[in-house]
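Below is one structure; the comments refer to it alone.
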Amino acid sequence: MAPFDSLYGKRYRFPTGWFEVGEVALIGPELVHEAMDNVRLIRERLTMAQSRQMSYADVRRKDTEFDVDDWVYLEISPMKGMIGFGNKGKLFPRYVGPYHILRHFGMVVFKLDLASDLALCI
């Protein structure tokens with residue numbers, strides 16, 4: 001006896017044979033129309049879930065703008081096994097700084113006055 005049979009007390013039905021025994025399978029255009037209706041329903045539900053998640057994310061998101069002469073923290077991403085700034089693992093800092101903005105090149109590109117301690121870790 002297969003594990004599925006012993007656990008659920010019935011034989012496993014493959015996805016190609018989900019219809020009941022004795023039931024005539026849909027053949028032809030009916031099958032295509034049913035599949036298209038299912039795809040439409042799935043897309044609608046995915047769109048609703050996506051918009052719901054975006055509304056949650058938009059509440060927490062805020063636009064920040066920086067100008068020359070501002071002070072900012074630099075976000076760093078630690079590499080596995082790398083010892084930087086004297087810590088390793090969970091204690092690795094996520095942000096270092098503050099650093100002074102010297103020049104503004106674009107929306108997210110800045111020239112910072114980096115300290116010498118950062119140059120040693122790169």
Side-chain angles (χ1 to χ4, degrees):
M1 180 179 284
F4 188 89
D5 297 346
S6 64
L7 183 63
Y8 296 107
K10 59 183 178 180
R11 294 185 52 109
Y12 177 75
R13 293 187 307 178
F14 291 97
T16 56
W18 277 357
F19 50 88
E20 294 294 328
V21 176
E23 181 182 333
V24 178
L26 297 175
I27 300 175
E30 296 87 13
L31 180 64
V32 173
H33 289 298
E34 183 180 340
M36 288 174 56
D37 290 340
N38 288 339
V39 167
R40 182 188 49 78
L41 180 65
I42 290 169
R43 284 187 180 174
E44 287 175 0
R45 290 181 179 172
L46 283 173
T47 304
M48 288 189 322
Q50 182 182 17
S51 65
R52 183 173 52 248
Q53 292 297 326
M54 282 300 296
S55 68
Y56 296 148
D58 288 344
V59 169
R60 294 181 187 93
R61 187 174 293 134
K62 62 179 180 177
D63 294 331
T64 55
E65 295 182 7
F66 300 106
D67 294 320
V68 178
D69 294 331
D70 285 347
W71 291 85
V72 295
Y73 282 91
L74 182 63
E75 182 177 3
I76 55 175
S77 58
M79 293 176 18
K80 190 166 187 136
M82 178 181 161
I83 297 176
F85 303 104
N87 295 324
K88 181 178 179 182
K90 288 183 182 180
L91 300 177
F92 198 95
R94 293 186 181 156
Y95 299 97
V96 293
Y99 296 110
H100 187 245
I101 295 179
L102 298 177
R103 190 167 173 206
H104 189 253
F105 291 103
M107 291 294 292
V108 292
V109 182
F110 302 98
K111 182 176 182 180
L112 302 177
D113 182 22
L114 297 177
S116 59
D117 61 339
L118 186 62
L120 297 175
C121 296
I122 294 179

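These values consider heavy atoms only, across backbone and side chains, with no hydrogens, waters or symmetry-generated copies. Source: prediction; values computed, not measured.
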In terms of hydrophobic clusters joined by side-chain contacts under 4.5 Å, are W71 and L74 together?
no
Can you give me every donor-acceptor pair (side chain of residues 44-52, partner residue at least two apart or in another chain, under 3.5 Å) with its distance?
{"from": "E44", "atom 1": "OE2", "to": "R40", "atom 2": "NH1", "distance (Å)": "3.1"}
{"from": "T47", "atom 1": "OG1", "to": "R43", "atom 2": "O", "distance (Å)": "2.8"}
{"from": "S51", "atom 1": "OG", "to": "T47", "atom 2": "O", "distance (Å)": "3.3"}
{"from": "S51", "atom 1": "OG", "to": "M48", "atom 2": "O", "distance (Å)": "2.9"}

Okay, side chain of H33, backbone of A35: is any donor-acceptor separation there less than 3.5 Å?
no
Assess the residue pair L112 and H100 against the criterion (side-chain contact (heavy atoms from CB on, under 4.5 Å)); give the C-alpha distance rounded to whole Å, side-chain angles, the decisive distance to 0.1 Å, and a yes or no.
CA-CA 6 Å; L112 302 177; H100 187 245; over 6 Å; no
Indicate if M54 and Y56 have the same hydrophobic cluster label, given that clusters are the connected sets of ILVMFWY residues with side-chain heavy-atom separations under 4.5 angstrom.
no
If hydrophobic clusters are built by linking Ile, Leu, Val, Met, Phe, Trp and Tyr wherever their side-chain heavy atoms come under 4.5 Å apart, do L114 and F66 end up in the same one?
yes
Grouping ILVMFWY residues whenever side-chain heavy atoms fall under 4.5 Å, the cluster of Y95 otherwise contains Y73
Do you know the tightest heavy-atom contact between I101 and D67?
CD1-O, 3.6 Å
For atom OH of Y8, is the number of surrounding heavy atoms from other residues, nucleotides or ligands below 6.0 Å larger than 12?
no
